[in-house]
Amino acid sequence: QVQLVESGGGLVQPGGSLRLSCAASGFTSDYYAIAWFRQAPGKEREAVSCFSNFRGATYYADSMKGRFTVSRDNAKNTIYLQMNSLKPEDTAVYYCAFHTGFVDGSSWYRRLWYEHWGQGTQVTVSS
């Protein structure tokens with residue numbers, strides 16, 4: 001059973017930075033993708049970024065490009081989301097999600113593509 005545990009959320013001022021972590025365990029697949037989604041109050045869950053271990057491909061939503069960076073520590077089975085230049089509109093619960101197999105530019109952002117989800121971590125950007 002795949003388990004995902006997010007951490008690193010908190011309160012940060014506008015313009016600040018946070019690094020989220022997603023520790024994955026219990027998977028046996030050779031290929032997988034781990035994505036970050038977020039959900040703000042009253043809004044739909046939206047895709048933020050994704051790391052695929054197939055060639056180390058990374059994907060970003062347009063509004064996050066240049067501010068967010070996704071990376072992996074293979075030894076720790078952990079995916080990180082470095083978030084810089086944070087804005088109040090980045091306030092949301094951030095979730096990581098696991099897909100067994102491949103993703104590409106047309107699938108990585110689809111919520112239904114992911115079979116396993118973490119419990120979420122709150123990020124609040126406020127002065």
To the nearest 0.5 Å, what is the distance between CG (Leu4) and OG (Ser21)?
12.5 Å
Nearest 0.5 Å, what's the OG-CD distance between Ser25 and Gln3?
5.0 Å
Side-chain heavy atoms nearer than 4.5 Å, only ILVMFWY residues, links allowed to pass through others: does that put Val93 and Leu20 together?
no
Side-chain heavy atoms nearer than 4.5 Å, only ILVMFWY residues, links allowed to pass through others: does that put Met64 and Val123 together?
yes
Please check if the side chain of Glu44 supplies one atom and the backbone of Gln39 the other of a donor-acceptor pair under 3.5 Å.
no
Pairwise distance NE2(His116) to SG(Cys96) - rounded to 0.5 angstrom:
12.0 Å
Sub-4.5 Å side-chain heavy-atom contact between Cys22 and Trp36:
yes
In terms of hydrophobic clustering (I, L, V, M, F, W, Y; side-chain heavy atoms under 4.5 Å; direct or indirect links), are Val125 and Phe68 co-clustered?
yes
Please collect all salt bridge (Lys or Arg N to Asp or Glu O under 4.0 Å) contacts where either partner lies in residues 12-38, sequence neighbours excluded, each pair once.
Arg38-Glu46, Arg38-Asp90
Tell me whether Phe37 shares a hydrophobic cluster with Leu86, the cluster being built from Ile, Leu, Val, Met, Phe, Trp, Tyr side chains joined at under 4.5 Å.
no
So, the side chain of Gln82 versus the backbone of Thr69: is there a donor-acceptor pair under 3.5 Å, distance only?
no
Please check if the number of heavy atoms outside Trp117 that lie under 6.0 Å from its CH2 is greater than 12.
yes
Crowding at CD, Glu89 (>12 non-hydrogen neighbours, <6.0 Å):
yes
Could you pull out the closest heavy-atom pair between Ala92 and Ala40, with the gap in Å?
CB-N, 3.8 Å
Determine whether Ile79 and Val70 make a side-chain contact, defined as any pair of heavy atoms from C-beta on separated by less than 4.5 Å.
yes
Note, Leu81 side chain near Ser49 side chain (heavy atom, < 4.5 Å)
yes
Find out whether Phe27 and Tyr32 are in side-chain contact, i.e. whether some heavy atom of one side chain is under 4.5 Å from a heavy atom of the other.
yes
Pairwise salt bridge (Lys or Arg N to Asp or Glu O under 4.0 Å) hits with a residue in residues 100-119, at least two apart:
none
Output for pair (Trp113 CH2, Ser107 OG), nearest 0.5 Å, gives 5.0 Å
Is any side-chain heavy atom of Cys50 closer than 4.5 Å to a side-chain heavy atom of Val103?
yes
Nearest atoms (heavy-atom pairs only) where Ser85 meets Ser17:
N-OG, 4.4 Å
Is any side-chain heavy atom of Asp62 closer than 4.5 Å to one of Tyr60?
no
So, is the end of the Arg45 side chain (NZ or CZ) under 6.0 Å from the ring centre of Tyr95 and within 45° of the ring's axis?
yes
Side-chain H-bond candidate by donor/acceptor type, Asp73 with Thr78, under 3.5 Å:
no
Indicate if Tyr114 and Tyr109 have the same hydrophobic cluster label, given that clusters are the connected sets of ILVMFWY residues with side-chain heavy-atom separations under 4.5 angstrom.
yes
In the structure I gave you, are the side-chain heavy atoms of Pro88 and Ser126 within less than 4.5 Å of one another anywhere?
no
Under 6.0 Å from the OH atom of Tyr31, do we count more than 12 heavy atoms belonging to anything else shown?
no
